[in-house]
Amino acid sequence: MKLSDLSEEEINKIKNQLIENGTIFQKKKKLSYDTKFFETVTISNILIKFFLFFTLGIYAIINLIGFVLSILYNNNTKIVTVIGVSAICFIVFAIFRNINTNKNKEEFAIYVKDDNFIFNYCNDVLSTPDLFYSLPYDSIKKIEFLIYTLRKKDIYGSVTFTFTVCGYDISYIIRFTNLTNIQKLLKSKFPSLLKNLIIDGKSIYLTEPRKNKHKLKFILISLTTLVMSVLLFIIPYILNYHSIALIISSIVLFITAINIFLSCYIYTFYLVQGIIISSVFIIIGFCVPLFIIENSGIAFMNFVILNNEVLMPTVFGIIGVCIYSYIINIIISKIYYILKSKRELDLKAGSYEQ
């Protein structure tokens with residue numbers, strides 16, 4: 001049973017017990033350790049944060065242009081638009097400003113002192129900066145790798161450590177890190193833990209095929225999305241109705257369907273929810289306003305001048321594009337990793353036969 005599944009009162013009770021026996025300790029100064037074993041690679045977060053704020057700036061500029069045009073050509077100030085755009089920018093900024101891009105912060109690292117793993121205490125909701133777990137290496141139940149990409153010869157992705165403490169499971173996740181270094185360090189310092197290593201849902205010591213319980217569900221979701229994409233394209237064509245917004249929506253859903261289907265085979269099912277939500281955001285943010293303008297019978301620029309508030313939902317499209325692009329990048333990188341790994345294995349097999 002996971003510790004995080006308990007009530008807040010039960011979690012606090014166990015936390016106090018662990019503090020008393022020294023499993024959780026408090027330290028305000030920099031930790032002393034033998035090795036900083038693993039830490040977050042922040043470059044990915046930096047790029048996400050830059051892209052989000054860059055596109056948020058574009059959003060503000062687009063709406064500002066619409067507002068200025070409305071004043072110049074329609075003598076319409078529409079102060080509600082300014083308030084709305086300002087509120088949206090503030091909310092988005094507040095949500096995404098906390099993405100960690102400070103390389104000096106070490107809350108997302110795991111340290112090794114003697115044979116103990118030391119990492120920041122978290123109740124799966126909030127971290128407590130001054131509290132740390134100190135758990136022996138033999139309390140590790142499993143180490144799970146999710147592979148994202150291959151850079152040169154190093155594999156990057158997320159890693160989840162699951163420890164068993166007082167009969168409860170405690171998990172600690174590092175979202176983006178160098179998995180190759182982790183595996184090397186485990187092999188050199190804690191070789192016995194390699195039997196607990198699971199890579200993309202499969203133990204490195206097991207040879208039987210990996211069971212994918214999500215496969216049927218995601219194939220059905222993929223087919224449903226594909227049908228919606230085809231209908232959005234065919235029905236307007238049959239009715240001789242031309243709409244750029246519907247065509248774009250159809251293309252987005254088609255790409256989404258392909259990626260959901262691929263997730264069944266390249267172990268990226270954890271991205272399915274994100275890609276569905278981001279595709280919906282793109283359609284709401286860009287295609288819906290465009291569809292309204294197309295059916296208004298008014299030229300695009302004239303409609304924006306008269307109704308500049310139509311640009312406000314584009315914030316959903318911008319955020320959707322950010323998330324969608326990031327997920328597509330992971331999927332493409334994962335395919336590259338699989339093909340590269342297979343090619344290297346084929347080359348090794350060929351040299352062995354010779």
Side-chain angles (χ1 to χ4, degrees), residues 2 38 40-41 43-45 47-48 108 140-162 169 171-187 193-226 253-279 322-349:
K2 291 182 180 180
F38 332 110
T40 299
V41 175
I43 184 66
S44 177
N45 288 337
L47 291 174
I48 294 171
F108 301 102
I140 287 184
K141 182 179 179 180
K142 58 183 176 179
I143 304 169
E144 298 172 275
F145 284 0
L146 284 179
I147 297 172
Y148 291 171
T149 187
L150 182 68
R151 294 181 182 174
K152 296 181 180 179
K153 293 185 178 181
D154 288 344
I155 299 168
Y156 288 83
S158 70
V159 56
T160 303
F161 292 86
T162 302
D169 289 346
S171 295
Y172 190 79
I173 302 174
I174 301 178
R175 300 292 179 186
F176 194 85
T177 190
N178 190 320
L179 300 179
T180 300
N181 284 346
I182 293 178
Q183 193 165 2
K184 286 178 181 177
L185 289 165
L186 288 173
K187 188 174 181 180
L193 291 180
L194 289 175
K195 69 179 185 295
N196 301 333
L197 182 59
I198 298 171
I199 301 176
D200 278 350
K202 183 176 180 181
S203 170
I204 62 173
Y205 281 95
L206 299 177
T207 55
E208 65 267 15
R210 176 179 58 228
K211 294 181 181 179
N212 189 346
K213 62 181 179 180
H214 305 280
K215 186 175 181 179
L216 179 59
K217 179 177 75 173
F218 289 140
I219 287 177
L220 290 175
I221 293 173
S222 174
L223 287 174
T224 303
T225 308
L226 182 62
L253 290 176
F254 181 76
I255 296 171
T256 301
I258 292 174
N259 284 289
I260 294 172
F261 182 77
L262 286 175
S263 71
C264 303
Y265 300 95
I266 62 174
Y267 206 79
T268 54
F269 62 87
Y270 53 92
L271 298 173
V272 169
Q273 185 178 7
I275 199 166
I276 291 174
I277 292 173
S278 58
S279 62
C322 291
I323 300 171
Y324 203 84
S325 302
Y326 182 67
I327 292 173
I328 294 295
N329 178 63
I330 292 176
I331 291 172
I332 292 172
S333 298
K334 187 65 173 286
I335 294 171
Y336 171 73
Y337 158 76
I338 293 170
L339 295 175
K340 184 80 171 176
S341 300
K342 186 178 185 304
R343 182 173 177 273
E344 287 180 353
L345 287 172
D346 289 343
L347 289 174
K348 289 178 182 178

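Sequence positions, counted from 1, serve as the residue numbers for this chain.
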Exercise. Go through the steps to decide whether L226 and F261 satisfy the test side chain to side chain contact (heavy atoms under 4.5 Å, CB included), and finish with yes or no.
Key: CA-CA 10 Å; L226 182 62; F261 182 77; over 6 Å; no

Please tell me if the side chains of [X] and [Y] come closer than 4.5 Å, counting only heavy atoms from C-beta onward.
X	Y	value
K334	D200	yes
I277	I323	no
I332	I335	no
L179	Y156	no
I276	I221	yes

Please report the interatomic distance [atom1]([X]) to [atom2]([Y]), rounded to the nearest 0.5 Å.
X	Y	atom1	atom2	result
N178	Q183	CG	CD	10.5 Å
S333	Y148	OG	OH	11.5 Å
S222	L262	OG	CG	8.5 Å
Y336	T149	OH	OG1	8.0 Å
D169	K142	CG	NZ	7.5 Å
I260	T225	CD1	OG1	4.0 Å

Exercise. State, to 0.1 Å, how close I140 and N196 come at their nearest heavy-atom pair, and which atoms those are.
Key: O-ND2, 3.4 Å

Quiz item: Can you list the steps and then say if E144 with T162 is a side chain to side chain contact (heavy atoms under 4.5 Å, CB included)?
Solution: CA-CA 8 Å; E144 298 172 275; T162 302; 4.2 Å; yes

Practice problem: Could you list the residues that satisfy ring pair (Phe, Tyr, Trp, His ring centres under 6.0 Å) with Y270, not counting sequence neighbours? | Solution: none

Quiz item: Who are the side-chain hydrogen bond (donor to acceptor under 3.5 Å, both in side chains) partners of K184, not counting sequence neighbours?
Solution: none

Quiz item: In chain order, what residues pass the side-chain hydrogen bond (donor to acceptor under 3.5 Å, both in side chains) check against S278, with sequence neighbours excluded?
Solution: none

Exercise. Determine, stepwise, if the pair S279 / I275 fulfils side chain to side chain contact (heavy atoms under 4.5 Å, CB included).
Key: CA-CA 6 Å; S279 62; I275 199 166; 5.6 Å; no

Quiz item: So I155 and F145, side chain to side chain contact (heavy atoms under 4.5 Å, CB included) or not? Walk me through it.
Solution: CA-CA 10 Å; I155 299 168; F145 284 0; over 6 Å; no

Quiz item: Under 6.0 Å between the ring centres of Y267 and F269?
Solution: yes

Quiz prompt | Given T268, T256, L271, N259, the one that forms side chain to side chain contact (heavy atoms under 4.5 Å, CB included) with I327 | solution = L271

